[in-house]
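Please read the structure below before turning to the comments.
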Amino acid sequence: KEANVAADRCGGDDSVGIVTKVSSPSNGEEEEVGRFVMPDKDAVSAIPELEMRHPGAMPYFFAQDPDYAELKERVAKSCCAASEPEGAATIDNAIEALRVAEYLTPVLQKQLAEES
């Protein structure tokens, strides 16, 4: 099985991720199976109050406020319990992500240079 994931985080405070699968292998036609938008309707409706409570903060903080609050709660609980925060990246995860980025950077730069 194969799935494609596309994301756009350029320009503005909105992000969208789209997951598709090939619905017709003969012509390569794709069918959308999921669409994920950030911020969602609940987060958007909370932005005006957050702007009043925190004037001058960067706009993306308002859009991501629910996620930051959840993450801070998990980290605080894990500190009290002397455990790893559930669902949060660790330093080891961050180091591994940097290793992947260091590997991919020249590979992707080469591919982009070949396309132009």
Side-chain angles (χ1 to χ4, degrees):
K1 294 192 172 196
E2 182 178 311
N4 296 313
V5 177
D8 183 356
R9 293 214 49 211
C10 299
D13 298 318
D14 298 347
S15 299
V16 63
I18 303 167
V19 180
T20 59
K21 69 177 184 177
V22 176
S23 60
S24 177
S26 61
N27 66 8
E29 192 173 306
E30 294 184 348
E31 172 188 350
E32 185 175 308
V33 293
R35 180 177 291 257
F36 308 91
V37 178
M38 198 280 312
D40 62 18
K41 291 176 185 174
D42 293 337
V44 169
S45 66
I47 289 174
E49 180 187 336
L50 290 167
E51 287 175 327
M52 289 182 357
R53 286 189 2 222
H54 307 286
M58 296 301 291
Y60 59 85
F61 287 130
F62 303 135
Q64 298 175 9
D65 183 71
D67 297 326
Y68 287 135
E70 174 69 23
L71 178 61
K72 289 187 285 186
E73 182 73 22
R74 288 182 186 185
V75 170
K77 283 181 179 179
S78 73
C79 289
C80 293
S83 64
E84 295 290 334
E86 180 185 338
T90 64
I91 294 297
D92 290 335
N93 297 139
I95 291 168
E96 192 60 29
L98 288 173
R99 283 189 182 127
V100 170
E102 287 175 349
Y103 168 78
L104 286 176
T105 297
V107 172
L108 295 174
Q109 286 173 331
K110 181 181 177 190
Q111 287 179 1
L112 288 171
E114 290 171 356
E115 289 179 9
S116 53

request  = Drop me the distance from Glu29's CD to Thr20's OG1, to the nearest 0.5 angstrom.
outcome  = 11.5 Å

query = When you look at Arg53 and Leu50, which way does the side-chain contact (heavy atoms from CB on, under 4.5 Å) test go after all the steps?
reply = CA-CA 5 Å; Arg53 286 189 2 222; Leu50 290 167; 3.9 Å; yes

Could you list the donor-acceptor pairs under 3.5 angstrom formed between side-chain atoms of residues 81-91 and any protein atom two or more places apart in sequence or on another chain?
| unit_1 | atom_1 | unit_2 | atom_2 | d |
| --- | --- | --- | --- | --- |
| Thr90 | OG1 | Asp92 | N | 3.3 |
| Thr90 | OG1 | Asn93 | N | 3.1 |
| Thr90 | OG1 | Asn93 | OD1 | 3.0 |

note = Taking every heavy atom of Phe62 against every heavy atom of Glu51, the minimum-distance pair comes out as CE1-CG, 3.3 Å

task = Mind checking salt bridge (Lys or Arg N to Asp or Glu O under 4.0 Å) for Glu70 and listing every partner two or more places apart, or none if nothing turns up?
result = Arg74

key: Partners passing ring pair (Phe, Tyr, Trp, His ring centres under 6.0 Å) against Phe61 (at least two apart in sequence or in another chain)   = Tyr68

request  = Calculate, to the nearest 0.5 Å, the distance between atoms NZ and NZ belonging to Lys72 and Lys77 respectively.
outcome  = 14.5 Å

Donor-acceptor pairs are to be reported for all side-chain atoms of residues 95-112 against protein atoms at under 3.5 Å, with residues two or more places apart or in another chain.
| unit_1 | atom_1 | unit_2 | atom_2 | d |
| --- | --- | --- | --- | --- |
| Glu96 | OE1 | Arg99 | NH1 | 3.2 |
| Thr105 | OG1 | Ala101 | O | 2.7 |

request  = Not counting sequence neighbours, which residues clear salt bridge (Lys or Arg N to Asp or Glu O under 4.0 Å) with Glu30? List them please.
outcome  = none

ask   = What are the two closest non-hydrogen atoms of Val16 and Val37, and how far apart are they?
value = CG2-CG2, 4.0 Å

request  = Go through the structure and list residues passing side chain to side chain contact (heavy atoms under 4.5 Å, CB included) with Val44, not counting sequence neighbours.
outcome  = Pro39

